[in-house]
Protein chains: 2
Amino acid sequence: MKKASLKDIAQQAGVSTALVSYVLNGKEKETRVGEAIAQKIRLIAKELNYQPNHLAKSLRSGKTYTIGLIIADISNPFFANIARVVEDEAKKNGYTVIIGSCDEHAEKSWDLLNVLINRQVDGFIIVSCEGSESQVHYLKERNIPFVLLDRHFPEIQTDFVATNNYKASYDAGIHLIRSGYSKIGIMAYKSNMYHMEERVRGYKHALRDNHIEFDDSWLKEVHFENMESEVRTAIDEVLASGQRVEAMIFATYGLAINALKYINELRLQVPSDLAIVSFGQAEVFDLYYCPITYVRQPLEMLGKTSVEFLLKKLKNPEEGMKQILMEAKLIARESSKAKTAITAPPTPHDHS
Amino acid sequence: MKKASLKDIAQQAGVSTALVSYVLNGKEKETRVGEAIAQKIRLIAKELNYQPNHLAKSLRSGKTYTIGLIIADISNPFFANIARVVEDEAKKNGYTVIIGSCDEHAEKSWDLLNVLINRQVDGFIIVSCEGSESQVHYLKERNIPFVLLDRHFPEIQTDFVATNNYKASYDAGIHLIRSGYSKIGIMAYKSNMYHMEERVRGYKHALRDNHIEFDDSWLKEVHFENMESEVRTAIDEVLASGQRVEAMIFATYGLAINALKYINELRLQVPSDLAIVSFGQAEVFDLYYCPITYVRQPLEMLGKTSVEFLLKKLKNPEEGMKQILMEAKLIARESSKAKTAITAPPTPHDHS
DNA sequence: ATAACTTGCTTAATCGTTTAAACTAAATAT
DNA sequence: ATATTTAGTTTAAACGATTAAGCAAGTTAT
């Protein structure tokens, strides 16, 4: 049982394919199709269970109603969730999303870009990874519509939807300071991506504004590829140093997870041995014995808005550039609980 | 700067599009294209940065090199990970994957199926949800290639790749019994899906084979839509009953997460107040203060094999039916630690 | 009575690719 | 000298849809 095409319907109805196309696209009025024939065509279409061939439609119209979503790291639940939001929102508007993860590799990102361009996606939503500036320029040159999501390049003029990372990190710092911590570290990726730099900058300014002198040993930068071992070393270092930190901000979910694993191994107690604030969000943060304070980014809004921007641009390519920074919200939990004056350290919980 | 087509190249080279097509598809030998012209065509193609139009190719060939992946619930990290595996494996073979989640709703699954059929996917990999039997029959009737993944319908003859859930659950039961527990409950979805029934059956047989009489109050069936509140009730019940359970098997990841949240609220201690074994796998299980014993399904293998089966079928539609059940592995951790004879309950850890 | 609409339909080009078949000119065979 | 091969290339149909333009009736206007 082959799939029915317009031609099949036309044959059965004894008319040309043009008529069938008109009727099935609801253009019978403008194109003056006879009422009787229209009825007949609709009936036959139903009988044959006609489903239009999207390929043919797209080839003709130049629109595929498909969006390419390139994500820097889909194993990060924050991105996984944002991908869902994008997908849902796109579906609501009749678009299909093709998702690809480049696992923080610019090269893989290039591949994805090309594959998706060949597949004629109408536009892109991209969570950029380090070193992908040339790809952004490429898209701009070819006039391929796209919106950067969550991460952007301040030196390249593009549409983007992102979080105010400076502010988020500043708030995290202030929160820890208000909770009585003063030796506060931060762990981030070794990267010159803007969103990462902003997180570090916000943290530093929070210290500065509270007259805490930043100590170089408090900033730990870790390579994404070698995260597990470098996180361990970093934790060892911040705890051993003369300027031993009491609290730590983790600039990403992955860093926090790896750190928590190690902290568990070391039988350290959160927050008494080390207070914690993390970026990202996930079930783990709730279920950890000491729920983790985290920066909640406006995930839904970020996803929805990126789709909205892109669709507007697809409808009207002349549309002006759109850029928006959204505010994150600090969700305070026990992992950053206010330090009580001077207490004997509680007995660590038995993990054996 | 418009995208270059075969025609553009042909014009520049002063030849017909046929020649260009032959050369760019490596058919120059069979079709006897002159060496000089071939060179010229390749050069121009490179200069124009020619990228073939996948739509046109697909329309002509009837193959899109696209697989539809329909997942029952993408928010479950097990499925999210399996989706990644499928995507990677497909990409290796030159296929693109379009993912959709039906969130355990058969209706949504129908929509997805139709959308993807219209998009001319070459075949499907499907994690079925309850009530989607008719969809499976539909695919069979239309001869649309597909492989069921993780869940299947024993009464419908199809290709499938799944876990031996009976065995996995049986092993989980045995493990708990060996660890000294005898009042063992199980929490599952209220569902007549085969994989769910098998998990309950395996558990019951483990009890039976060890002469433990199953108590009806030990089986808690929860509706997916109303999970949060029903899990709480269920936990309350199994703890309050005359036959108070000492251990609990959670048939899915979602159930376990919700239960753990509630157990934390109740300040209950795992495993002393309640030992736990769960299906599914995720970071949470590692990071929980008492690492959770879980059934590790062969995620990688499941995903890879499903792609392999489907691609074989796409290459040769006459290929026989393929069905495979893979074994899961129980990863024993502290949440199901052997019960020590008779001990005073340890002071619950301070969660405040 | 004839020009000018209206109605209801068909024709044919187009999107970008593939590929069987046809064609031409040169080379080889008889 | 003529028939047959071979090499190198073009033509044109096809995939399934859309849509501007054309055409043949019938209707209305003048």
Side-chain angles (χ1 to χ4, degrees), chain A residues 1-42 44-45 48-66 94 117-122, chain B residues 1-42 44-45 48-66 94 117-122:
Chain A
M1 200 196 305
K2 288 278 307 204
K3 284 197 62 178
S5 70
L6 279 194
K7 217 198 228 166
D8 299 323
I9 300 178
Q11 248 152 22
Q12 276 219 24
V15 298
S16 70
T17 62
L19 270 203
V20 181
S21 173
Y22 291 145
V23 171
L24 266 27
N25 287 295
K27 303 221 169 114
E28 3 170 354
K29 289 285 166 299
E30 306 100 286
T31 57
R32 306 166 309 205
V33 181
E35 185 51 38
I37 273 292
Q39 294 281 347
K40 190 173 177 187
I41 287 173
R42 269 190 291 265
I44 296 177
L48 296 184
N49 184 35
Y50 171 72
Q51 305 280 120
N53 183 321
H54 220 277
L55 293 175
K57 264 183 140 90
S58 297
L59 181 57
R60 181 79 223 279
S61 68
K63 318 208 127 293
T64 56
Y65 293 96
T66 303
I117 288 176
N118 290 2
R119 300 233 162 203
Q120 314 295 128
V121 299
D122 291 341
Chain B
M1 200 196 307
K2 288 277 307 201
K3 284 196 64 178
S5 70
L6 280 193
K7 217 195 226 169
D8 300 325
I9 300 178
Q11 248 151 23
Q12 277 220 23
V15 298
S16 70
T17 63
L19 272 202
V20 181
S21 174
Y22 291 144
V23 171
L24 263 28
N25 286 295
K27 302 223 170 108
E28 7 171 350
K29 288 287 167 300
E30 306 100 286
T31 57
R32 308 167 307 204
V33 180
E35 186 51 38
I37 273 292
Q39 295 282 348
K40 189 172 177 190
I41 287 173
R42 269 190 291 266
I44 296 178
L48 296 184
N49 184 36
Y50 171 73
Q51 305 280 121
N53 182 322
H54 221 277
L55 292 176
K57 264 185 140 87
S58 297
L59 181 58
R60 182 77 224 276
S61 68
K63 319 209 126 295
T64 56
Y65 293 95
T66 304
I117 288 177
N118 290 3
R119 300 231 162 204
Q120 316 296 123
V121 299
D122 291 342

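In what follows, every chain begins at residue 1, and chains take the letters A, B, ... in the order their sequences are listed. In what follows, every heavy atom counts, from backbone to side chain, and hydrogens, waters and symmetry copies are set aside. Note that this is a predicted model, so its numbers are computed, not measured.
In this structure, CD of B/Q11 is placed 13 Å from P of D/dT10, rounded to the nearest angstrom. Going from atom NZ of B/K29 over to atom P of C/dT19 covers 18 Å, rounded to whole Å. At whole-Å resolution of the value, CG in A/L24 and P in D/dA17 are 9 Å apart.
Shown here for B/G62 and B/D122, the closest heavy-atom pair between the two residues is O-OD1, 4.1 Å. Annotation for B/A13 and B/I41: closest pair CB-CG1, 4.4 Å, computed over non-hydrogen atoms. The minimum heavy-atom distance linking B/K27 with B/T31 is given by the pair O-OG1, 2.5 Å. Contact detail for A/T64 and A/H54: the closest heavy-atom pair is O-CE1, 3.5 Å.
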(request) Between protein and nucleotides 6-17 of chain C, map the contacts as a letter string: B base, S sugar-phosphate only, - none, heavy atoms under 4.0 Å, written 5' to 3'. (result) -BBBBB--BBBB

(request) Test salt bridge (charged side-chain N to carboxylate O under 4.0 Å, His left out) on B/E28 and B/R42 and set out the steps. (result) CA-CA 11 Å; B/E28 7 171 350; B/R42 269 190 291 266; 2.6 Å; yes

